[in-house]
A.B. asks: 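Mind having a look at this structure? Questions to follow.
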Amino acid sequence: AFASRVIDRMDGKPVKYSQSHQNDPLGAAIAREVVRIIREDDLIERGRRIGTTLVSALQKIRESTGRIREIRSRGLMIALELEDDAETTRTIRTHEELMRRGYFVGRRNGVPVLRIDPSLTIEPADIDGFLQSLEDVLS
């Protein structure tokens, strides 16, 4: 009710609105702490090492299943392009099954690509579980 009265008073004209936290001390303190943790825990190098290990394991799955067309990566940002039909049926099924098993991967409609973007703090056991699930699903 209130919202509709406001919209009526605006007479359908758009309102420019922006918000900035550039001078927000809380946001700055949080950003500073995040940068400190990244540096102290050497998370960028850790991500590089894990990414290399993960891509190597994905290459093995590619060879054993024949279902992965291409692996593209930069650190822990990884894209798997699957061998698929025009409707991306395999990609959809793979995505749904990985999600059902508790692994969150990205998928965009109409493209046979899964995005894997784990956190820099991911545990080796979680990577191993994901790789086993992916191999199971693709087999």
Side-chain angles (χ1 to χ4, degrees):
F2 176 74
S4 61
R5 287 194 318 266
V6 171
I7 291 168
D8 289 343
R9 288 187 69 197
M10 292 172 43
D11 199 30
K13 295 178 184 140
V15 173
K16 292 183 181 181
Y17 173 78
S18 66
Q19 184 175 353
S20 173
H21 293 286
Q22 67 188 20
N23 296 319
D24 180 5
L26 177 59
I30 291 168
R32 185 177 180 182
E33 183 66 9
V34 167
V35 170
R36 183 191 66 73
I37 291 168
I38 289 171
R39 285 185 178 152
E40 284 184 9
D41 293 351
D42 202 15
L43 292 180
I44 301 301
E45 182 54 36
R46 182 178 192 278
R48 212 174 274 124
R49 283 191 318 269
I50 293 171
T52 299
T53 302
L54 186 53
V55 168
S56 176
L58 290 168
Q59 289 288 7
K60 290 177 184 170
I61 293 171
R62 179 184 187 198
E63 292 165 12
S64 70
T65 66
R67 308 283 188 180
I68 299 173
R69 178 178 297 154
E70 184 178 7
I71 301 168
R72 298 183 293 274
S73 69
R74 183 169 186 178
L76 280 178
M77 295 185 301
I78 301 169
L80 297 180
E81 183 174 347
L82 302 183
E83 296 288 348
D84 210 343
D85 58 27
E87 288 79 35
T88 66
T89 306
R90 177 176 289 123
T91 305
I92 292 167
R93 282 195 322 257
T94 302
H95 178 255
E96 288 173 352
E97 182 59 21
L98 288 171
M99 295 292 282
R100 190 186 70 71
R101 294 179 183 207
Y103 297 101
F104 294 92
V105 295
R107 183 184 68 81
R108 203 170 347 145
N109 288 335
V111 181
V113 175
L114 296 176
R115 291 243 350 228
I116 305 166
D117 299 302
S119 71
L120 292 171
T121 58
I122 190 168
E123 294 296 328
D126 293 323
I127 293 171
D128 293 342
F130 168 76
L131 290 167
Q132 185 60 58
S133 290
L134 179 65
E135 187 168 22
D136 292 347
V137 171
L138 291 179
S139 296

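All values below were derived from every heavy atom in this structure, side-chain atoms included, with hydrogens, water molecules and symmetry-related copies excluded.
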A.B. asks: Checking the side chain of Asp84 only, and the main-chain atoms of Pro112 only, is there a donor and an acceptor separated by less than 3.5 Å?
C.D. replies: no

A.B. asks: Would you say Leu98 and Leu131 are hydrophobically clustered, going by side-chain heavy atoms of ILVMFWY under 4.5 Å?
C.D. replies: yes

A.B. asks: Are Ile50 and Ile38 grouped together when hydrophobic residues (ILVMFWY) are joined by side-chain heavy atoms under 4.5 angstrom apart?
C.D. replies: yes

A.B. asks: Would you call Glu83 and Arg67 a salt bridge, taking side-chain N to carboxylate O under 4.0 Å as the test?
C.D. replies: no

A.B. asks: Tell me which donor-acceptor pairs under 3.5 Å the side chains of residues 120-130 have, and how far apart each pair is, sequence neighbours excluded?
C.D. replies:
from, atom 1, to, atom 2, distance (Å)
Thr121, OG1, Ser119, OG, 3.1

A.B. asks: Is it the case that the side chain of Arg62 and the backbone of Ile68 share a donor-acceptor pair, with hydrogens and angles ignored and the cut-off at 3.5 Å?
C.D. replies: yes

A.B. asks: Can Arg93 and Glu96 be counted as an ion pair, charged N to O under 4.0 angstrom?
C.D. replies: no

A.B. asks: State the CZ-CZ distance between Arg108 and Arg115, to the nearest 0.5 angstrom.
C.D. replies: 8.0 Å

A.B. asks: Atom CZ in Arg107, atom CG in Leu114: separation rounded to 0.5 Å?
C.D. replies: 8.0 Å

A.B. asks: Go through Leu80 and Thr94 one step at a time and tell me if the side chain to side chain contact (heavy atoms under 4.5 Å, CB included) criterion holds.
C.D. replies: CA-CA 11 Å; Leu80 297 180; Thr94 302; over 6 Å; no

A.B. asks: List, one per line, each side-chain donor-acceptor pair under 3.5 Å for residues 52-61, sequence neighbours excluded.
C.D. replies:
from, atom 1, to, atom 2, distance (Å)
Thr52, OG1, Arg48, O, 3.0
Thr53, OG1, Arg49, O, 3.1

A.B. asks: With the 4.5 Å side-chain cut-off for hydrophobic clustering, are Val113 and Val137 part of the same group?
C.D. replies: no

A.B. asks: Test your reading of the model: is there a side-chain donor-acceptor pair from Asp41 to the backbone of Leu43, 3.5 Å cut-off?
C.D. replies: no

A.B. asks: Looking at every heavy atom in both Met99 and Val105, which two are closest together, and how far apart are they?
C.D. replies: SD-N, 3.8 Å

A.B. asks: For Arg90, I'd like to know if atom CZ has over 12 heavy atoms of other residues, nucleotides or ligands within 6.0 Å.
C.D. replies: yes

A.B. asks: Same cluster for Ile71 and Val111 if Ile/Leu/Val/Met/Phe/Trp/Tyr side chains link at under 4.5 Å?
C.D. replies: no

A.B. asks: Verify side chain to side chain contact (heavy atoms under 4.5 Å, CB included) between Arg69 and Leu82, making sure each step is shown before the conclusion.
C.D. replies: CA-CA 5 Å; Arg69 178 178 297 154; Leu82 302 183; over 6 Å; no

A.B. asks: For Glu97, what residues pass the salt bridge (charged side-chain N to carboxylate O under 4.0 Å, His left out) criterion, not counting sequence neighbours?
C.D. replies: Arg100, Arg101

A.B. asks: Are Ile78 and Ile44 in one and the same hydrophobic cluster, where Ile, Leu, Val, Met, Phe, Trp and Tyr link if side-chain heavy atoms are under 4.5 Å apart?
C.D. replies: yes

A.B. asks: Of the non-hydrogen atoms in Thr65 and Ser139, which two are nearest, and what is the gap between them?
C.D. replies: CG2-OG, 3.6 Å

